[in-house]
Each structure stands twice: as C-alpha cells, then as structure tokens.
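Beneath this line is the structure, given in structure tokens, with notes to follow.
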Amino acid sequence: MIDVILCDDHALIRRGIRDTLSDASDIRVVGEAGDYGELRSLMRQLMNDGARQGRTTPCDVLVLDINMPGRSGLDALHALKDEGSAVRVLVVSMYPEDQYAIRALRAGAFGYVN
C-alpha cells in the first residue's frame, strides 16, 4: 500500500486528487493539509502514530502545491531535504514547468506535474 499526503490550499483541488487516487487499490490518502503549518503538524502526528507501527516516514508520497499561503511548497521541499526525509514529493502546480520545475527538482522533488 502506498500512503499519500495531499497538501494544497484549495480544498477542491485536494478533493479532485483524492478522488482520482481512490480509484487505485494500492494507494491510500492518509491525510490532507491546506498550508505548510498544517502539513508539518500532520506529518508529526502521522510520524508519532507510525513510530508505534514501525514506520520511518509519515507517508510514502507527498503531493505538494508550490503556491500556498505563508510558506511555499518550495520551502516545504527545502525543509524536508534538510531533515533528510525519505518522503518522495510530487509537485503539482498550475505554474508552467519552465518557471518552477527545475527549481522544484533541485529542491528535492521527485516529479513535477503541471
């Protein structure tokens, strides 16, 4: 089972991604966040819960928006990279690839979807 966290400030976008992923039998959305602060809290909570179950990461994949209120998705990527997190990050953004994809990949993202 692949555990996924969704992080986007638009609930409608999160719902669309969640509904799409729900069609896959081997993917489970384990949490959602609307901004950086919510994401960090959720990841801490899932880590604490996961530690009791022997997990070393809060999820396998983080689907992350770049443009969020407060701290951006790029900030989140840098923080995860600095922590040495093994979470794979897929950046989903409305911004064209030529503006942000390279920056996101250099910051530690494993993919960028426009």
Side-chain angles (χ1 to χ4, degrees):
M1 183 65 66
I2 300 169
D3 289 338
V4 177
I5 292 176
L6 306 177
C7 185
D8 192 296
D9 58 323
H10 295 95
L12 186 61
I13 300 298
R14 289 194 313 267
R15 181 177 178 183
I17 295 170
R18 183 182 64 238
D19 290 351
T20 299
L21 294 177
S22 71
D23 290 339
S25 62
D26 59 343
I27 297 176
R28 171 178 55 195
V29 176
V30 295
E32 296 182 29
D35 60 34
Y36 180 84
E38 286 180 20
L39 174 64
R40 298 309 289 186
S41 294
L42 175 61
M43 291 181 82
R44 271 191 299 276
Q45 175 191 348
L46 291 172
M47 256 326 286
N48 290 336
D49 294 345
R52 289 181 279 247
Q53 299 170 357
R55 286 192 60 108
T56 58
T57 61
C59 65
D60 301 303
V61 177
L62 168 61
V63 178
L64 180 66
D65 184 20
I66 285 183
N67 186 20
M68 294 184 294
R71 296 184 72 182
S72 74
L74 290 176
D75 291 336
L77 276 169
H78 287 293
L80 289 169
K81 186 176 182 180
D82 290 346
E83 294 167 5
S85 175
V87 173
R88 309 265 193 222
V89 180
L90 174 62
V91 173
V92 177
S93 180
M94 65 177 200
Y95 294 113
E97 290 178 13
D98 62 342
Q99 291 181 9
Y100 284 95
I102 297 299
R103 288 173 57 189
L105 294 171
R106 285 187 180 146
F110 276 74
Y112 186 95
V113 178
N114 183 337

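Atom set for the values below is all heavy atoms of this structure, side chains included, hydrogens, waters and symmetry mates excluded.
A salt bridge does not link R14 to D8: none of the charged side-chain nitrogens sits closer than 4.0 Å to a carboxylate oxygen.
Legend: residues meeting ring-ring contact (aromatic ring centres under 6.0 Å, His included) with Y95, ordered by chain and number and at least two apart, are Y100.
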Stepwise side-chain contact (heavy atoms from CB on, under 4.5 Å) check, L6 with D65: CA-CA 9 Å; L6 306 177; D65 184 20; over 6 Å; no
Dump the intermediate steps for side-chain contact (heavy atoms from CB on, under 4.5 Å) on C7 and E32, then the final yes or no. CA-CA 6 Å; C7 185; E32 296 182 29; over 6 Å; no
From CA spacing to verdict: side-chain contact (heavy atoms from CB on, under 4.5 Å), L74, L77: CA-CA 5 Å; L74 290 176; L77 276 169; 4.0 Å; yes
Verdict with reasoning, V61 to V87, per side-chain contact (heavy atoms from CB on, under 4.5 Å): CA-CA 6 Å; V61 177; V87 173; 6.0 Å; no
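For the residue pair V30 and C59, the shortest heavy atom distance occurs at CG2-CB, 4.3 Å. Nearest heavy-atom pair across Y112 and A104 is CD1-CB, 4.0 Å. Scanning all heavy atoms of the two residues, the minimum distance from A76 to Y36 falls at CA-CE1, 3.5 Å.
Hydrophobic clustering (ILVMFWY, side-chain heavy atoms < 4.5 Å, transitive): V29 and L46 are in distinct clusters. Residues M94 and I17 do not share a hydrophobic cluster, defined by chaining ILVMFWY side chains whose heavy atoms lie under 4.5 Å apart. Hydrophobic clustering (ILVMFWY, side-chain heavy atoms < 4.5 Å, transitive): F110 and L62 are in distinct clusters. Note: the hydrophobic cluster containing V91 does not contain V113 (ILVMFWY, side chain heavy atoms under 4.5 Å, direct or indirect links).
The number of heavy-atom neighbours closer than 6.0 Å to CZ of R88, taken from other residues, nucleotides and ligands shown, is 12 or below.
The CE atom of M43 lies 7.5 Å from the CD atom of E83; values are rounded to the nearest 0.5 Å. Within the model, atoms CZ of R15 and OG1 of T20 stand 11.0 Å from one another, a figure rounded to the nearest 0.5 Å. To the nearest 0.5 angstrom, Q45 atom CD is 14.0 Å from R40 atom CZ. The CG atom of D9 sits 8.0 Å away from the CG atom of D35 when rounded to the nearest 0.5 Å.
Here the side chain of E38 pairs a donor or acceptor atom with the backbone of G34 at under 3.5 angstrom. A donor-acceptor contact shorter than 3.5 Å links the side chain of D75 to the backbone of S72. Between the side chain of K81 and the backbone N or O of R106, at least one donor-acceptor pair lies under 3.5 Å.
Counting heavy atoms from C-beta on, the side chains of L39 and L64 come closer than 4.5 Å.
Tested against V89 for a side chain to side chain contact (heavy atoms under 4.5 Å, CB included), the candidates I5, L80, L105 yield a single pass: L80.
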